[in-house]
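Notes follow once the structure below has been shown.
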Amino acid sequence: MDDMLKEFVVEALDLATNVEEHLLSLERNPGDMNTLNAVFRSFHTIKGGAGFMNLTAMVSACHLTENLFDALRTGQAAVTPEAIEAALEASGFVADQLTALNNGTPPEQLSTMPKALEKMLTDAIEGGASSKKAEPAKPAPAAPVAAAAPAAVAATPASSAAPASANGEPDWESYFRAVTPPGTLPEAEAAAPVAAIEALAPPASIKEEAEAIKTSLSAADIKQNAPAKEESIRIDAVKLNVLLEVAGESVQAANQAAVLLEKLAQFKFDGQAAPIMSALTETLTRASRYSTELQRATLATRMQPVGRLFQKFPRLVRELARDLGKDVDLNITGAETEVDRVVVDSLYDPLVHMLRNALDHGIETSEERLRANKSPRATISLKAWQEASSVMIEVSDDGKGMDAQRLREKAISKGLINSHDARTDDEAFQLVFLPGFSTKEVASSVSGRGVGMDVVKTAVERHRGAIRISSELGKGTTFLIRLPIELSIVPTMLVRTDGASLALPMATVQRVVELPETFESVGGQPVLRDLGRPLPVKSLGRILGYTPSSERVGIVIAAPNPYILSVDAVDGTADLVIKPLTCISTPGITGTARSAEGELVLVISLSFLIDGCKVREMMTA
């Protein structure tokens, strides 16, 4: 794909996504002229680029949809569900063609425009026009204008002659609008064509208006309406990743140099060596500051609002709810929350699985909701917000909730757990993430094969995140995803056990406490009271397979079920550049890093800590 076609595809995909959002908004507010005009302009822009690239099927679809919205915004047709459905199908077809191009399909191998889509758009246009004709007749004085309007509109695009007004003067306004980029000028106030308006206006006013437009064309204030200077450029994501890698290594090198300088400063330097040491200290301090700023600036270029992802879901929810015969609203908040673009791109499939799961399993039919004294229209909420160094994404519904006991029975019957596992409701809710788990007796096109939620957890943990579930019978279910805002740099606490250096994500660390030599015991588990609450004490070294040693430092871990993790020592905190494990998979370890002293550090998984370090414990039991 050449550069020009690639640029067109990227920009057109953004427009196609926005079109779907506008269409769903228009379905709720049919009289919104701003949205009508926005959709018209989007299809017009895509059609122009597609025509330049000789993408005939896309041009045909956009042209028919453009005609439909021209009729809608000029009042010749009404905004009906059929018109919205036809436009959604057209935008879907255009998006599919653009996606195929983006995936490397040559333009000549793209599919043609389906006859069914052409018929839908034509019927929507003709249906709107016929419904207008069926309306009662207008008063006599207005009839000529109404009759002339369709003919004038139809003739304007096809006419190759220079536009002219009734008195022979050039139609300066049409010229002006033709050379001005779409969206720069406000829409014409009157729906009727200029020729029809001029027929009703006195000749003097026509002449004055033409003179005013000619004067405005040469006026300096027109320049203010010119397109703004391009202030952004598109950069290949691979190049950004390389830049971020180099920036991270430069920070690591600067930190190591600072440690070496600190050790060197312990020696005494006299004579000419003293000013050299002073200059070296100043230079390294400046280099460290600039490398850190470079890294932060590079990270900022990868940050994108999650709204780019969220705007894909309203249509998905609308169509799936219709297929399932359910009445559902999707509420989106926090779309402006920014997160690493890698996270944005990888969260689509997990969120699709959760939304489909909520619609199929959680949301009841309207009749069931009425019997339960609920509103017949259900609500699914999609929220995002920042919390410390993490981004939180919540998917919740007001459906029937999850039955913890039924989940346990299903998991036991499938042989996924034994009768002594998942004793608490919170542990039972986590069973839905087990591979092969499903409460559906028969698999459908929506769910029931036991692979969806397993995919969700795998995708979240791949990016050093964690996911939790809370639910209440009859009230609804909430999925809460916690992800690091920045994937490459993680604020950590450095600890040591059995001589090994380990790093704990600061997102889970509440505080550090001193451990006594002996503990209380509850059910054979050592327990320590922290702020009046008894918390179980777990040995990090024993969990990870190290030789048990004298662990006298405890770290209170913030989890749904808080606990204390015992270690030998705490070496401080550090922002580490994480390298993922690619060749091996070790339970509890998400990656490696280098400390400022150059020592290899193992980074503990966030989800492993939030789950109470249970994976390794069960394996070593």
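If you're wondering where the values come from, they're calculated on a predicted model, not measured in any experiment. All residue numbers refer to positions in the sequence shown, counting from 1.
With a 4.5 Å cut-off on side-chain heavy atoms, Phe608 and Cys613 count as touching. With contacts defined as side-chain heavy-atom distances shorter than 4.5 Å, the pair Leu502/Leu544 qualifies. Using a 4.5 Å heavy-atom cutoff, the side chains of Val553 and Glu514 are not in contact. Side-chain contact between Ile467 and Phe433 is present, with at least one heavy-atom pair separated by less than 4.5 Å. Asn37 places a side-chain heavy atom less than 4.5 Å from the side chain of Arg41. The shortest distance between side-chain heavy atoms of Thr592 and Leu602 falls below 4.5 Å. At a threshold of 4.5 Å between non-hydrogen side-chain atoms, the residues Arg468 and Arg482 do not count as touching. Using a 4.5 Å cut-off on side-chain heavy atoms (C-beta onward), Pro107 and Leu5 make contact.
Of all the heavy atoms in Ser42 and Val19, the pair that sits closest is CB-CG2, 3.4 Å. Considering all non-hydrogen atoms of both residues, Gly465 and Leu483 come closest at CA-CD2, 3.8 Å. Taking each heavy atom of Ile610 and Ala466 in turn, the nearest pair found is CD1-CB, 3.6 Å. Here the shortest heavy-atom pairing between Pro516 and Arg552 reads O-NH1, 3.9 Å. When all heavy atoms of Leu101 and Pro106 are compared, the closest pair comes out as CD2-C, 4.5 Å. Nearest heavy atom pair, residue Ala335 against residue Phe310, reads CA-CD2, 4.3 Å.
Between the side chain of Gln525 and the backbone N or O of Val537 there is at least one donor-acceptor pair closer than 3.5 Å. The backbone N or O of Leu494 sits nowhere less than 3.5 Å from a side-chain atom of Thr573 that would complete a donor-acceptor pair. A distance-only check finds no donor-acceptor pair linking the side chain of Ser288 to the backbone of Leu284 [under 3.5 Å]. Between the side chain of Asn357 and the main chain of His353, no donor-acceptor pair closer than 3.5 Å is present.
With sequence neighbours excluded, no residue satisfies ring-ring contact (aromatic ring centres under 6.0 Å, His included) with Tyr546. The side-chain hydrogen bond (donor to acceptor under 3.5 Å, both in side chains) test applied to Ser91 returns no partner, not counting sequence neighbours. Partners of Leu243 according to the side chain to side chain contact (heavy atoms under 4.5 Å, CB included) rule, which considers only residues two or more places apart in sequence or in another chain, are Thr298. Taking the side-chain hydrogen bond (donor to acceptor under 3.5 Å, both in side chains) definition, one finds that Thr478 meets it with nothing, sequence neighbours left out. Take Gln295 and apply the side-chain hydrogen bond (donor to acceptor under 3.5 Å, both in side chains) test, not counting sequence neighbours, and it matches no residue. Applying the side chain to side chain contact (heavy atoms under 4.5 Å, CB included) criterion to Ala593, with sequence neighbours excluded, gives Leu576, Ile578, Val603. In terms of the side-chain hydrogen bond (donor to acceptor under 3.5 Å, both in side chains) criterion, Glu520 has no residue partners (sequence neighbours excluded). Ala358 is linked by a side chain to side chain contact (heavy atoms under 4.5 Å, CB included) to Ile380, Asp397, counting only residues two or more places apart in sequence or in another chain. Not counting sequence neighbours, the partners of Gln311 by the side chain to side chain contact (heavy atoms under 4.5 Å, CB included) test are Thr17, Asn18, Glu21.
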| Tyr290 and Leu294: side-chain contact (heavy atoms from CB on, under 4.5 Å), yes or no, with the steps? | CA-CA 6 Å; Tyr290 288 150; Leu294 171 63; over 6 Å; no

| request: Determine, step by step, whether Leu55 and Phe8 satisfy the side-chain contact (heavy atoms from CB on, under 4.5 Å) criterion, reporting the C-alpha distance in whole Å, the side-chain angles of both residues, the deciding distance to 0.1 Å, and the verdict. | output: CA-CA 11 Å; Leu55 305 173; Phe8 161 72; 3.6 Å; yes

| task | Could you please spell out the steps behind the side-chain contact (heavy atoms from CB on, under 4.5 Å) verdict for Leu309 and Gln304? | result | CA-CA 10 Å; Leu309 173 66; Gln304 291 186 348; over 6 Å; no

| said: Between Lys457 and Ile481, does the side-chain contact (heavy atoms from CB on, under 4.5 Å) criterion hold? Intermediate values first, please. | reply: CA-CA 9 Å; Lys457 188 169 187 180; Ile481 299 174; over 6 Å; no

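For the side chain to side chain donor-acceptor pair (under 3.5 Å) criterion with Ser471, the lone passing option out of Asp426, Asp425, Thr477 is Thr477. Considering Ile393, Val352, Val339, Val306 in turn, Ile393 is the only one that fulfils the side chain to side chain contact (heavy atoms under 4.5 Å, CB included) rule with Leu347.
No side-chain donor-acceptor contact under 3.5 Å links Ser605 and Thr590.
Ile604 contributes atom CD1, which lies 5.5 Å from atom CG of Leu540 (distance to the nearest 0.5 angstrom). Here Met493 contributes atom CE and Asp571 contributes atom CG; the two are 10.5 Å apart, rounded to the nearest 0.5 Å. For the atom pair CE (Met58) and CG (Leu98), the distance works out to 4.0 Å, reported to the nearest 0.5 Å. In this structure, OG on Ser501 lies 11.0 Å from CZ on Arg594, to the nearest 0.5 angstrom. To the nearest 0.5 angstrom, Met354 atom CE is 8.0 Å from Leu382 atom CG. To the nearest 0.5 Å, the span separating CG on Asn34 from NE2 on His22 amounts to 10.0 Å.
A salt bridge links Lys579 and Glu249; the closest N-O separation between the charged side-chain nitrogens and carboxylate oxygens is under 4.0 Å.
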Using atom types as modelled, flag every donor-acceptor pair under 3.5 Å from a side chain in residues 254-283 to any protein atom, sequence neighbours excluded.
from: Asn255; atom 1: ND2; to: Val251; atom 2: O; distance (Å): 3.4
from: Thr281; atom 1: OG1; to: Met277; atom 2: O; distance (Å): 2.9
from: Thr283; atom 1: OG1; to: Ala279; atom 2: O; distance (Å): 2.8

When the side chains of residues 560-570 are checked against the rest of the protein, which donor-acceptor pairs come out under 3.5 Å, sequence neighbours left out?
from: Tyr563; atom 1: OH; to: Leu609; atom 2: O; distance (Å): 2.6
from: Ser566; atom 1: OG; to: Lys538; atom 2: O; distance (Å): 3.2
from: Ser566; atom 1: OG; to: Glu551; atom 2: OE1; distance (Å): 2.7
from: Asp568; atom 1: OD1; to: Ser549; atom 2: OG; distance (Å): 2.9
from: Asp568; atom 1: OD2; to: Asp498; atom 2: N; distance (Å): 2.8
from: Asp568; atom 1: OD2; to: Ser549; atom 2: OG; distance (Å): 3.1

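Pairs engaging residues 307-318 under the salt bridge (Lys or Arg N to Asp or Glu O under 4.0 Å) rule: Glu20-Arg315, Glu27-Arg318, Glu85-Arg318, Arg308-Asp345, Arg315-Glu319 [sequence neighbours left out].
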